[in-house]
Amino acid sequence: MPYRIDPARDRIYIDEFRHDVIGHHSPGLQRVLNALRRSQDGRQLVILNTLPFRRWVLAWLPANRADDIVIEPQHQFDSREDAEWYVFCRRWEAATGEKVDNQ
Amino acid sequence: MFTILGYTSEISVAPGESMTCHVSAENDQRYQARVVRIVNGDCNPLGPGFRVVHVPTAIDGWYNGRRQRTDAGSYMVARNIAGMRQAVAFVANVWPTLPGWRLPQVVAHLATADGSVTLGIDAGALVLTVNGAGGSQSVALPASVLLEREWLRVVATVDPAAQVLMLEAVPLRIFPLLRAPFRRSEALTVPFVPDEGGDFYLSARPLTDGTVGHHFNGKIEAPTLLTDSGMGDMATARPVPQRLLSHIMAAWDFSREMTGTTAIDVGPRRQHAVLVNLPARAMTGSNWSGQSHDWRQAPLEYGAIHFHHDDLYDAGWDAAFTLTLPADMPSGAYAVHVHAGDNTEDATNEDYIPFFVRPPRHRGATSAKLLFLAPTNAYLAYANDSQVLVDRGAEIGMGRLLVLQHADVYLHRHPELCASLYDKHADGSGVCYSSRLRPVLNMRPRYHSWLGSHGSALYQYNADTHILAWLEHEGITFDVATDEDLHRDGLGLLDGYRAVMTGTHPEYHSTAMYDAMQAYLDRGGRLMYMGGNGWYWRVAFHADLPGVIEVRRAESGTRTWESAPGESYHSFNDEMGGLWRRIGRAPNQIAGIGFVAQGFDLSSYYRRRPDSENPRAAFVFAGVRDEIIGDFGLVGGGAAGVELDAYNKLLGSPPHALVLASSENHTPLTMLTPEEFLVTPAMIGGDESDKVHADMVFFETSNGGAVFSTGSIAWAGSLSWNGYDNNIRRITGNVLHRFLDAAPFAAPGAGA
């Protein structure tokens, strides 16, 4: 059975992720990330690089390849790290119903 | 999003030779074309910067562009079918893989002067339709008859004389799910004349727009055209029963001439057919017993072909222009640059279509001592890799958000460009052929891959430009040749070079290539293995079709699909496919190390080992006093990463090889490859398993040769760090300069 995030117990990993969004994560954070990154509906949240090494925009890959990619133009980022943090917060809220402080 | 793209007829050309360039301008716009030499394809501002050099040629100039279309999907076609009498019956064994697909599929289609007969699948039901001068008439069997991946013998009959339209299906395995009726017959009311000279299509039909469409997905075995259906129950037997011969118009036997693209008619009229877009051959038939896994040993059990709507060999675009290389063009990596405007956030308006200029074909025509062997088989294996578009576990494996480029969006919207040897067809079967005669959007300078680790995010072709840029920086004269060249020319290509340098991921080798490299080393050649996960999969080239390779994902390995039971032998050459390790020739025998782990988030560093103090290796570390090697880089932040190789004597690593340094401290998501364990261990990540590491090795070979192996794809990403002033660059340079020196390496212990 997939791990279900417990916000009371797992909140301690938020800071760890904030300080190091890509890389050597503790087993506890890795478990949280695996849960957050699991596709629930067949779609996939991605970032589209619109200017090399300068700009990325959030987008959804569809569940069905025949459907088009949906871009969220209001969510643009100047770095991949910023995009990782934004997506983490968004997924955390979707999974737990709680906002991440100091977004 | 991606407004211009193309491909070339060749990947490797010699000076003075020609190739055609095929360009699609998506908005019919005008564009400029020129040739550029590739120096560095990485756009990362932390590196030396993207750099190409214009090489004036006769193609320089403006062109009128137009959009070109790709007609994907495999099928068989037999022209001018003869032998028609009063009736026609089609019989075959059919194994549908997408019976419930949203689009109609055609199993068989016979065109006549006034109409056609089509056997298809529509909304999961088998349907036989006759189109005649007076209209059309159909008879259908219920969807419950057609089960996914279950064999069914189908008999379809149109008999104007008897006024019969009949469709019958005989399941070759019986399940409670199957519901009768399995036979439907109606009085034929549409006037239909079964005249001679029509074309017969299997697995598709021609459409009015000039394309061939409505492809069937699945296997078909023993397709047979009869003059009546009275003996339909035995029509799929091969060899054809003698008493059936007089009733046969055509009886194709797909177990014949397996390596070719001709479907052999074993009937009396020999109406051989053409197989288009490489449907999968050497596929098990309905009668596969499991006694043999080699189609040549039991050909009658391999009478099936697997057709897919997403097969493609040659996009077949019209040539935009022909490029003839100057006779004195230096060997190197080049591209045809087509440019239709500045790039914007919304659109990439240029394409770099890569090709390589190999040294002249006559021996002794080059003065270069170094050959860079571009791993074009690996480029082809990953060509248009679409996993990022469909694999919903990819982000977890990468440990970071998936990053798309404009090229990936284009590929999503144009699945007709088809996929890589890492992808599955839409029906779930593995893609076992990959061709370069189509735009390969991830084999490009400027392309940053979702697979490349954090940082420059380079993988394959573009990662290899880090090596090219470094060689340019060092002022080294070198030639470039491709895997295709090595397969074709063998040892003759390598002979004469002091050293051969690989790319970052030379993963796919044919037997001829493997043999040639081994022979080169045995004769005193020097090999610099600049990457990781090399000599991993065996591939086959086609004897007649240029630009296509085959892989079978047999037995084991890090693989995104596996060959079905009985389908581990290449159709192109009847060799057992799969890992070289499983064929008894692990990469350790060539490079001293072999693949152990991969991870795509961050890279790590090497720590020197006692062997690095061995006098035999003194030249490697000249001027390098650091214990930690490569704790920096553009690919994942370190020189050890992405895919890692390690020393293993049990797999053939030479006993005298020096393990100079080993990487450590890899991330949890850098994990062991499955062939490294049997029972799944609890600790397979780099934070817990000490098997997850790269070994940097050096060893001498016979006749004064030597091998230096880095064991890491990320290595090349560290060369340019700090303005090329770092220990990775120094070690690599030390090795290269010694390898280019004619002085032979002494075997260990010799003269001691």
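By convention in this document, chain letters (A, B, ...) are assigned in the order of the sequence lines, proteins followed by strands, and residues within each chain are numbered from 1. Not measured: the values here are computed from a predicted model.
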So which heavy atom on [X] is nearest to which on [Y], and how close?
| X | Y | value |
| --- | --- | --- |
| B:Ile396 | A:Arg37 | CG1-CB, 3.6 Å |
| B:Asn44 | A:Phe53 | N-CE1, 3.4 Å |
| B:Val390 | A:Arg65 | CG1-CD, 4.2 Å |

In the structure I gave you, are the side-chain heavy atoms of [X] and [Y] within less than 4.5 Å of one another anywhere?
| X | Y | value |
| --- | --- | --- |
| A:Trp56 | B:Leu404 | no |
| A:His24 | B:Asn665 | yes |
| B:Arg413 | A:Asp68 | yes |

Can you tell me how far apart [atom1] ([X]) and [atom2] ([Y]) are? Round to the nearest 0.5 Å.
| X | Y | atom1 | atom2 | answer |
| --- | --- | --- | --- | --- |
| A:Leu48 | B:Asp408 | CG | CG | 8.5 Å |
| B:Phe600 | A:Ile22 | CZ | CD1 | 14.5 Å |
| A:Leu61 | B:Leu389 | CG | CG | 6.0 Å |
| B:Leu401 | A:Leu45 | CG | CG | 6.5 Å |
| A:Asp67 | B:His412 | CG | NE2 | 7.5 Å |

Atom group of [X] that falls short of 4.5 Å from chain A, counting heavy atoms:
| X | value |
| --- | --- |
| B:Leu669 | side chain |
| B:Asn343 | neither |
| B:His448 | side chain |
| B:Met398 | neither |
| B:Thr344 | backbone |
| B:Val409 | both |

Does any backbone or side-chain atom of [X] lie under 4.5 Å from a heavy atom of chain B? Answer side chain, backbone, both or neither.
| X | result |
| --- | --- |
| A:Glu81 | side chain |
| A:Glu84 | both |
| A:Leu33 | neither |

- [ ] Determine the option with the most heavy-atom pairs under 4.5 angstrom with chain A, choosing from B:Asp687, B:Val403, B:Asp601.
- [x]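 Between B:Asp687, B:Val403, B:Asp601, the count favours B:Val403.
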(Q) Taking B:Gly455's backbone N and O only, do any of them form a donor-acceptor pair with A:Arg80's side chain (distance below 3.5 Å, no angle check)? (A)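 Yes: the side chain of A:Arg80 pairs with the backbone of B:Gly455.
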- Query: Any sub-3.5 Å donor-acceptor pair from B:Arg392's side-chain atoms to A:Gly42's backbone N or O?
  - Reply: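 Between the backbone of A:Gly42 and the side chain of B:Arg392 there is a qualifying donor-acceptor contact (under 3.5 Å).
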Q.
For the interface with chain B, which of A:Val46, A:Ile47, A:Leu36 has the highest count of heavy-atom pairs at distances below 4.5 Å?
A.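 Of A:Val46, A:Ile47, A:Leu36, A:Ile47 has the most heavy-atom pairs under 4.5 Å with chain B.
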Q.
Quick test of your reading of the model: are A:Arg43 and B:Glu395 salt-bridged, counting only N-O distances below 4.0 Å?
A.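 B:Glu395 and A:Arg43: not salt-bridged.
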* Could you tell me whether A:Arg55 and B:Glu345 have a side-chain N and a carboxylate O separated by less than 4.0 Å? =>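 Result for this pair is yes, salt bridge flagged.
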